[in-house]
Amino acid sequence: MQLDSKCPQGPIETRWDRHRFGLKLVNPANKRKHTIIVVGTGLAGGSAAATLAELGYNVKCFCFQDSPRRAHSIAAQGGINAAKNYHNDGDSVYRLFYDTVKGGDFRARESNVYRLAEVSLNIIDQCVAQGVPFAREYSGYLDNRSFGGAQVSRTFYARGQTGQQLLLGAYQALERQIGHGQVAMFPRTEMLDLIVIDGRARGIVTRHLITGEISSHLADAVVLGTGGYGNVYYLSTNAKGSNATAIWRAYKRGALFANPCFTQIHPTCIPVSGDYQSKLTLMSESLRNDGRVWVPLKKGDTRPPSQIPEAERDYYLERRYPSFGNLVPRDVASRNSKVVCDEGRGVGVTGLAVYLDLRDAIERLGRHVIEERYGNLIEMYERITGEDPYQTPMRIYPAIHYTMGGLWVDYNLMTTIPGLYAIGEANFSDHGANRLGASALMQGLADGYFVLPNTINDYIASSKLEKVDGSHAAVREAEASVQAVTRKLVDTKGTRSVDSFHRELGKLMWEHCGMSRTAEGLKLALGSIGELREQYWREVKVLGTDEGLNQSLEKAGRVADFFELAELMCLDALERNESCGGHFREEYQTPEGEAARDDEHFSYVAAWGFRGVGHSPELHKEDLTFEYVHPTQRSYK
Ligand SMILES: Cc1cc2nc3c(=O)[nH]c(=O)nc-3n(C[C@H](O)[C@H](O)[C@H](O)COP(=O)(O)OP(=O)(O)OC[C@H]3O[C@@H](n4cnc5c(N)ncnc54)[C@H](O)[C@@H]3O)c2cc1C
């Protein structure tokens with residue numbers, strides 16, 4: 001398959017404008033004749049559904065939570081980037097573009113990234129107009145802080161709960177449209193398959209999570225804003241419910257899956273404390289504005305941090321990367337934490353932790369300032385660990401956090417199935433091999449508020465969309481296939497719980513396809529995951545029936561998909577014989593231990609096509625070209 005990214009050419013500053021002008025429009029009266037399905041109510045799906053309805057389309061919107069405003073986006077803490085340059089510290093659209101392309105280790109499309117940086121300005125205006133309570137300075141201007149990979153302050157925030165405040169903005173806009181009857185909202189409803197008719201996405205099959213009813217919903221286009229797949233690792237910072245089922249089932253219906261091995265490991269999470277833990281907690285990257293990361297200089301130093309004198313501390317990020325210091329990007333910070341812990345200098349009971357220390361900032365600024373900036377995060381840490389970060393440094397360690405991979409989309413955010421769009425974390429996005437902090441919220445809202453509502457018109461206006469109904473063979477086939485999988489899961493009646501399989505899968509993935517990878521480990525993982533997947537279908541025990549509420553069944557379907565996705569991730573990681581961003585292959589590193597890219601052979605997006613469970617998928621490549629930010633060895637020194 002020839003992948004056409006549909007990226008415009010010419011001066012990058014005007015590409016989006018010129019492209020938009022070339023897109024067909026649907027006149028307001030005609031929009032009323034069309035229905036669009038939006039799956040997901042996070043920042044991407046919620047903003048898209050509200051905006052499409054505002055434009056006049058009939059929208060059917062789905063989420064598996066009891067309310068749209070419980071989408072995982074609500075958990076986002078630290079902030080959202082925008083190139084407003086309020087601080088007059090040298091920021092610009094071009095700098096945000098540059099930082100993002102470089103931060104992603106030159107594995108993202110320049111055109112997309114430039115558009116994202118450009119649209120970031122509109123997002124802040126839109127959210128302020130909605131009443132999102134961003135932090136402000138004494139003057140009344142919106143305040144900013146810094147995130148990793150940038151030397152300017154461009155992160156807008158609402159204490160440590162930016163995602164929640166932004167989501168309330170999108171949710172209000174969505175509720176307004178629900179009130180107008182323009183959006184039909186389907187909470188507690190899980191999409192389990194995509195309906196493809198004559199090669200076009202025309203609907204979805206869902207299971208109602210309270211009644212167990214399986215039904216289909218038809219439309220002229222389908223938008224997936226269903227989030228990321230970090231929970232394939234079992235332990236992650238994602239909400240427990242986040243899963244890959246929607247995008248995975250779309251992949252099995254023909255949508256290509258891009259860069260599945262590009263996963264982000266966040267450097268500042270509360271370390272794992274035991275085998276039965278089911279969730280990891282993020283400590284926002286914003287804390288690295290004021291917190292200093294260190295470990296003891298000596299191996300095996302078990303003294304409490306307060307008894308380790310200054311001269312015996314190693315502020316290793318500040319030492320190795322003097323220009324960016326504690327604000328190096330996430331992949332670099334995570335890898336360095338692993339290195340010092342592997343050297344035996346890790347702290348805490350497990351030795352798998354480093355200190356994040358607010359002492360100097362408290363001395364410099366006063367406790368009240370730190371409390372104002374990070375109060376809720378500090379309280380959360382104290383509740384979980386029983387330690388007070390105002391008195392003693394926090395212990396942190398990297399954890400799975402975000403997935404840069406996802407469904408392949410063109411510049412219009414359309415997947416390889418005409419009429420199927422993917423937005424937010426669900427697409428392979430604009431972050432290349434490593435996302436910069438505070439850029440996920442920016443991308444989700446850019447896609448939902450500003451990009452998709454422009455590009456989808458072109459598809460609707462230029463496609464001949466015949467009327468379809470539930471009696472169509474493709475609808476019946478998709479429903480039957482969902483019913484068959486659901487039945488099979490409840491009928492297996494094995495002896496092992498879904499969670500025990502998921503935990504084992506997660507350990508395999510963390511060990512072999514986590515913070516660092518080797519060809520040998522990936523081959524081993526591929527064998528083991530395949531065996532575990534087969535065992536799953538023989539031995540899984542799903543409690544209860546398929547009628548009515550059954551959370552064991554919900555989980556079982558999601559874990560079945562994680563198995564298949566995990567294999568694709570390992571295969572992708574094995575195929576990419578280079579290190580870039582979050583994908584660190586131990587065989588490919590510089591003498592200083594940094595990621596060594598191979599631009600000659602791997603400057604492409606790897607887009608995989610499904611050919612059956614247990615069969616090798618087909619690899620398609622979209623070559624990446626860089627006209628503006630020329631690939632160099634990334635340096636934060
Ligand atoms: C703890 C934490 C903190 C973070 N902090 C920040 C931050 O400060 N700044 C930043 O930029 N990014 C941050 N991120 C990343 C960011 O929160 C996410 O990338 C972003 O919120 C994803 O938004 P989304 O709309 O794409 O998906 P989500 O918010 O995950 O929403 C997914 C939606 O899809 C629905 N859905 C999924 N599957 C189905 C299905 N099969 N059927 C029906 N509905 C379905 C869900 O119900 C939900 O409504 C953070 C992430 C975590 C884990």
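For ligands, and for the atoms within them, numbers begin at 1 and follow the listed sequence. Remember, it's a predicted structure, so these values are computed and weren't measured experimentally.
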*Salt-bridge test for R115 and D430: reply yes if a basic N is under 4.0 Å from a carboxylate O, no otherwise.*
no
*Hey, is T189 one of the residues with a heavy atom under 4.0 angstrom from ligand 1?*
yes
*Sub-3.5 Å N/O-N/O distance, S242 and ligand 1*: no
*Taking distance alone, with no angle check, do F64 and ligand 1 share an N/O pair under 3.5 Å?*
yes
*Student check: side-chain heavy atoms of E425 and T403 closer than 4.5 Å*: yes
*Close approach, I80 and ligand 1, non-hydrogen under 4.0 angstrom*: no
_Element-labelled atoms of ligand 1 that are located less than 4.0 Å from some non-hydrogen atom of G78_ = 7 (C), 8 (O)
*Okay, side chain of R154, backbone of A83: is any donor-acceptor separation there less than 3.5 Å?*
no
*Stacked cation flag R107 on F262, 6.0 angstrom / 45 deg*: no
*Check each heavy atom of A239 against ligand 1 and say whether those closer than 4.0 Å belong to the side chain, the backbone, both or neither.*
neither
*So is Q65 polar-close to ligand 1, meaning N/O to N/O under 3.5 Å?*
yes
*Could you check if a side-chain atom of I80 sits within less than 4.5 angstrom of a side-chain atom of F134, using non-hydrogen atoms only?*
yes
_Evaluate N243 for polar contact with ligand 1, using N/O atom pairs at a separation under 3.5 Å._
no
*Does G444 have a non-hydrogen atom less than 4.0 Å from ligand 1?*
no
*Identify, by atom number and element, the atoms of ligand 1 in contact range of E425, meaning under 4.0 Å from any of its heavy atoms.*
18 (C), 19 (O), 22 (C), 26 (O)
*Please step through ring pair (Phe, Tyr, Trp, His ring centres under 6.0 Å) for the pair Y86 and F156, ending with a clear verdict.*
CA-CA 10 Å; Y86 284 164; F156 294 77; 5.8 Å; yes
*Using distance alone, determine whether A440 and ligand 1 share an N or O pair under 3.5 Å.*
yes
*What atoms of ligand 1 come within less than 4.0 Å of a heavy atom belonging to G227?*
26 (O), 27 (O), 30 (O), 32 (C)
*Less than 3.5 Å between some nitrogen or oxygen of V39 and one of ligand 1, yes or no?*
no
*Take every heavy atom of G79, measure it against each atom of ligand 1, and state whether any distance is under 4.0 Å.*
yes
*Indicate yes or no: does an N/O atom of L43 lie under 3.5 Å from an N/O atom of ligand 1?*
yes
*So is F147 polar-close to ligand 1, meaning N/O to N/O under 3.5 Å?*
no
*Looking only at protein heavy atoms, identify the closest one to atom 52 (C) of ligand 1 and say how far it is in Å.*
H401 CE1, 3.2 Å
*Would you say the ring centroid of F501 lies under 6.0 angstrom from that of Y234?*
no
_Min N/O separation N238 to ligand 1 under 3.5 Å_ = no
*Looking at side-chain heavy atoms only, is the closest gap between F610 and L256 below 4.5 Å?*
no
*Should the proximity of L282 to ligand 1, defined as any heavy atom under 4.0 Å, be assigned to the side chain, the backbone, both, or neither?*
side chain
*Is the shortest distance from a Lys or Arg side-chain nitrogen in R69 or E175 to a carboxylate oxygen in the other one below 4.0 Å?*
no
*Using a strict 4.0 Å cut-off to heavy atoms of T41, name the atoms of ligand 1 that fall inside it.*
33 (C), 48 (C), 49 (O)
_Enumerated ligand 1 atoms positioned under 4.0 Å from heavy atoms of A44_ = 25 (O), 26 (O)
_For Y536 and F563, take the angle between the two ring planes, folded into 0 to 90°, and tell me which bin it lands in: parallel under 30, tilted 30 to 60, perpendicular over 60._
tilted
*Among H266, M191, R207, which one has a heavy atom closest to atom 41 (N) of ligand 1?*
M191
*Identify the protein heavy atom lying closest to atom 53 (C) of ligand 1, giving its residue, its atom name and the separation to 0.1 Å.*
H72 CE1, 3.0 Å
_Taking 4.0 Å as the limit for heavy-atom contacts, which would you say applies to R435 with ligand 1: side chain only, backbone only, both, or neither?_
side chain
*asked:* Within ligand 1, which atoms have a heavy atom of G40 less than 4.0 Å away?
replied: 33 (C), 34 (O), 35 (C), 49 (O)
*In terms of atom number and element, which parts of ligand 1 are under 4.0 angstrom from non-hydrogen atoms of A76?*
3 (C), 4 (C), 5 (N), 6 (C), 7 (C), 13 (C), 17 (O)
_Tell me whether K102 forms a cation-pi arrangement with Y636, defined as NZ or CZ under 6.0 Å from the six-membered ring centre and within 45 degrees of its axis._
yes
*Which atoms from ligand 1 have a heavy atom of A75 less than 4.0 Å away?*
1 (C), 2 (C), 3 (C)
*Are R70 and Y171 in a cation-pi contact, defined as NZ or CZ under 6.0 Å from the six-membered ring centre and within 45° of the axis?*
no
*Can you find an N/O atom of L441 closer than 3.5 Å to an N/O atom of ligand 1?*
yes
*Given the side-chain rings of H266 and Y402, with only the six-membered ring counted for Trp, is the space between their centroids under 6.0 Å?*
no
*With no hydrogens and no angle check, is any side-chain donor or acceptor of T268 less than 3.5 Å from a backbone partner on M283?*
yes
*Closest candidate by heavy atom, reference atom 24 (P) of ligand 1, pool P68, S73, A422, G228*: S73
*asked:* Just so I know, are the side chains of V293 and N326 near enough to count as touching, which here means a heavy-atom distance under 4.5 Å?
replied: yes
*When the aromatic ring centroids of H217 and F186 are compared, is their separation below 6.0 Å?*
yes
*Part of T162 with heavy atoms under 4.0 Å of ligand 1, whether side chain, backbone, both or neither*: neither
*Would you call I396 and V354 a side-chain contact if the rule is heavy atoms closer than 4.5 Å?*
yes
